[in-house]
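Okay, structure first, notes after.
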Amino acid sequence: MNHSMVKQLRTMVLCMVIRLLLKARRPAYCFRLLHTHSVCVYGSAQGFKQEEIVEKLRAFPGGSVDLVLKESGIAVLVVNNPTRMNAFSGTMMLELEERVTQLEGWMEGKGVIVQGAAGTFCSGSDLNALKALSNPQDGMKMCMFMQNTLTRLLRLPMMSVALVEGKALGGGSELTTACDFRLMAPGSRIQFVHKHMGLVPGWGGAARLVRIVGSQNSLRLLGGAMKVDPELALQMGLADGVLGAQPGNDTTRNTTSALLEAEKWLDFYVKGPVPIIRAVKQVVMSGRELSLQEALRTEKDVFGTVWGGPANRAALASMAKHK
């Protein structure tokens, strides 16, 4: 039994356990399992056999997805294929899934920054792979694979930021929505160009976009294939901040400066003990994905893991006595 089949079997078993927990009205435990083991959206129950699309994606090499884990607890995930505006080749899609798996196992992690190489974010899928997978069956398999991966990215128990420099087009725009926050550099743009390709988003971008900017703005962005600059993105709520302009025209230096600025921005929100930051992400994610009753129960359980814990005791000890 190969590695892919083992992962699929493990996912099937975990899905069965979660269904039983839901029937037993134990949603908090279900949610904890969901985020500890990152159950995917699609499995064999939905007719998805991951090994089939994996073999096809391997036939389209090029580029890489790089990951750096820093002692600060902030990781940097880089989409690296600059000769094709950081478009995802088939092997890059597989590497992205591998990097997400690494992040899921990084227990010291508090945050992750998703960045494109060489001053541009991502232009979506490599056209060579798109043309080769143009039949509906393969397209659906690729769609399910990427939805699984990007859902796991969004569900990471750490805060994530898409650092948008240059262009985020098509699948690249969808990738930005798989992060908790979006920071844009001056002169950058996000554009859901799917309509011009005779498509709609397929990596989960539309579903996530509605939760970020609402249905009306989503219709404008998708129906109009609008070019969204930092100002419009802030106005719509698509962006959470705009980086300061950097002097000079050296791409490498500006990209480095943008990353340092993004790390400083994110550090404000992830400063503190690792268990507390990860608990914050968990209660927010439960509020986003579960019903109110289930989210309240999850919040209660997570609260119980930090109440009276080391961070709580240290904070109480450092506070001045009531006068």
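Heavy atoms only: backbone and side chains are in, while hydrogens, waters and symmetry mates are out.
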Subject >> Donor-acceptor contact present, side-chain Ser160 to main-chain Ile113, <3.5 Å >> reply: no
**OP:** Would you kindly confirm whether Leu169 and Val213 end up in one hydrophobic cluster when ILVMFWY residues are joined by side chain heavy atoms under 4.5 Å apart?
**Re:** no
**OP:** Taking Ser89 for its side chain and Gly62 for its backbone only, find out whether a donor-acceptor pair lies under 3.5 Å.
**Re:** yes
**OP:** May I ask you to test the Val112-Val76 pair for a side-chain heavy-atom distance under 4.5 Å?
**Re:** no
Subject >> Met85 side chain reached by Lys167 side chain, heavy atoms, under 4.5 Å >> reply: yes
**OP:** Decide, yes or no, whether a salt bridge links Lys131 with Asp126 under the criterion of side-chain N to carboxylate O below 4.0 Å.
**Re:** no
**OP:** Taking the side chain as every heavy atom from C-beta outward, state whether Val306 and Ile276 have any pair of such atoms under 4.5 Å apart.
**Re:** yes
Subject >> Pairwise distance CG(Leu260) to CG(Leu243) - rounded to 0.5 angstrom >> reply: 11.0 Å
Original post:
Of all heavy-atom pairs between Val210 and Ser215, which one has the smallest distance, and what is that distance?
Top reply: CG1-N, 4.1 Å
**OP:** State plainly whether the residues Asp66 and Arg99 are in salt-bridge range, i.e. N to O under 4.0 Å.
**Re:** no
Original post:
Would Phe181 and Phe268 show up in the same hydrophobic cluster when neighbours are defined by side-chain heavy atoms closer than 4.5 Å?
Top reply: yes
Original post:
Do Ser291 and Glu294 pass the side chain to side chain donor-acceptor pair (under 3.5 Å) test, and can you show the C-alpha distance, the side-chain angles, and the key distance before you say yes or no?
Top reply: CA-CA 5 Å; Ser291 70; Glu294 293 170 341; 3.3 Å; yes
**OP:** May I ask you to say whether Arg189 pairs ionically with Asp229, meaning some side-chain N is under 4.0 Å from a carboxylate O?
**Re:** no
Original post:
Just by modelled atom types, is the Gly116 backbone N or O under 3.5 Å from a matching donor or acceptor in the Thr120 side chain?
Top reply: no
**OP:** Any chance you could lay out the salt bridge (charged side-chain N to carboxylate O under 4.0 Å, His left out) test for Glu104 and Arg155, step after step, and finish with the verdict?
**Re:** CA-CA 9 Å; Glu104 289 168 343; Arg155 286 175 173 171; over 6 Å; no
Original post:
Crowded around Gln102 CD? As in, over 12 foreign heavy atoms under 6.0 Å?
Top reply: yes
Original post:
Quick one: are the ring centres of Tyr42 and Phe145 less than 6.0 Å apart?
Top reply: no
Subject >> Main-chain N/O of Val65 paired to Asn80 side chain as donor or acceptor, under 3.5 Å >> reply: no
Subject >> Residues Leu127, Met197; criterion side chain to side chain contact (heavy atoms under 4.5 Å, CB included); working and verdict >> reply: CA-CA 11 Å; Leu127 291 179; Met197 301 291 293; 4.2 Å; yes
Subject >> Met92 reachable from Leu67 in the ILVMFWY side-chain graph, under 4.5 Å edges >> reply: yes
Original post:
Do any N or O atoms from the side chain of Glu174 and from the backbone of Gly205 form a donor-acceptor pair under 3.5 angstrom?
Top reply: yes
Subject >> Test item: Lys195 side-chain N/O and Leu222 main-chain N/O as donor-acceptor pair under 3.5 Å >> reply: no
Subject >> Same apolar cluster: Met285 and Phe303, side chain cutoff 4.5 Å >> reply: no
Original post:
In Å, rounded to the nearest 0.5 Å, how long is the span from CE of Met158 to CE of Met107?
Top reply: 8.0 Å
**OP:** Quick one: closest heavy-atom pair of Ala239 and Leu234, and the distance?
**Re:** O-CD2, 3.6 Å
Original post:
Would you call Arg58 and Glu55 a salt bridge, taking side-chain N to carboxylate O under 4.0 Å as the test?
Top reply: yes
Subject >> Shortest non-hydrogen contact from Val242 toward Pro230 >> reply: CG2-CB, 3.6 Å
Original post:
Is the shortest heavy-atom distance from the side chain of Tyr269 to the side chain of Ile277 under 4.5 Å?
Top reply: no
Original post:
Do the non-hydrogen side-chain atoms of Ser173 and His194 ever get within less than 4.5 Å of each other?
Top reply: yes
**OP:** For the pair Leu266 and Met159, evaluate side chain to side chain contact (heavy atoms under 4.5 Å, CB included) and give the outcome as yes or no after the intermediate values.
**Re:** CA-CA 8 Å; Leu266 181 57; Met159 299 189 194; 4.2 Å; yes
Original post:
What residue among Thr176, Val164, Val228 forms side chain to side chain contact (heavy atoms under 4.5 Å, CB included) with Met184?
Top reply: Val164
Original post:
Is there a side-chain contact between Glu95 and Ser64 (heavy atoms, below 4.5 Å)?
Top reply: yes
Original post:
What is the minimum heavy-atom distance between Ala295 and Ser286, and which atoms define it?
Top reply: CB-O, 3.6 Å
Original post:
Any side-chain heavy-atom pair from Thr101 and Arg152 closer than 4.5 angstrom?
Top reply: yes
**OP:** Report the C-alpha distance between Leu57 and Leu133 in whole Å, list the side-chain angles of each, state the deciding distance to 0.1 Å, and finish with yes or no for side chain to side chain contact (heavy atoms under 4.5 Å, CB included).
**Re:** CA-CA 9 Å; Leu57 292 175; Leu133 301 174; 3.9 Å; yes
Original post:
Can you tell me how far CH2 of Trp203 sits from CE of Met146, rounded to the nearest 0.5 angstrom?
Top reply: 4.0 Å
Original post:
Without hydrogens or angle criteria, can the side chains of Arg182 and Thr177 be said to hold a donor-acceptor pair below 3.5 Å?
Top reply: no
**OP:** Verify, without hydrogens or angle tests, whether Gln147 (side chain) and Gly202 (backbone) share a donor-acceptor contact under 3.5 angstrom.
**Re:** yes
Original post:
So Asn86 and Asn81, side chain to side chain donor-acceptor pair (under 3.5 Å) or not? Walk me through it.
Top reply: CA-CA 4 Å; Asn86 297 327; Asn81 193 10; over 6 Å; no
Subject >> Leu209 CG to Asn217 CG distance, which is reported to the nearest 0.5 Å >> reply: 8.5 Å
Subject >> Within one Ile-Leu-Val-Met-Phe-Trp-Tyr cluster: Leu219 and Leu199, side-chain cutoff 4.5 Å >> reply: no
Original post:
Between Leu238 and Ile190, which heavy-atom pair has the shortest distance, and what is it?
Top reply: CD2-CD1, 4.0 Å
Original post:
Is it true that atom CZ of Arg211 has more than 12 heavy atoms of other residues, nucleotides or ligands lying nearer than 6.0 Å?
Top reply: no
**OP:** Kindly determine whether Val79 and Phe121 satisfy side chain to side chain contact (heavy atoms under 4.5 Å, CB included), including the steps that lead there.
**Re:** CA-CA 7 Å; Val79 182; Phe121 189 72; 5.9 Å; no
**OP:** Nearest 0.5 Å please: distance from the CD atom of Gln115 over to the CG atom of Leu163.
**Re:** 5.0 Å
**OP:** Please round to the nearest 0.5 Å and tell me the distance separating atom CD of Glu97 and atom CG of Leu153.
**Re:** 12.0 Å
Original post:
Considering all heavy atoms of both residues, which atom of Trp106 and which atom of Arg278 are nearest to each other, and what is their separation?
Top reply: O-NH1, 3.3 Å
**OP:** Check the pair Lys110 / Asp267 against salt bridge (charged side-chain N to carboxylate O under 4.0 Å, His left out), numbers first and verdict last.
**Re:** CA-CA 9 Å; Lys110 297 191 289 184; Asp267 184 65; 5.8 Å; no
Original post:
Would you say the side chain of Met93 lies within less than 4.5 Å of the side chain of Ser125, judging by non-hydrogen atoms?
Top reply: yes
**OP:** Answer yes or no: does atom CE of Met140 have more than 12 heavy-atom neighbours from other residues, nucleotides or ligands under 6.0 Å?
**Re:** no
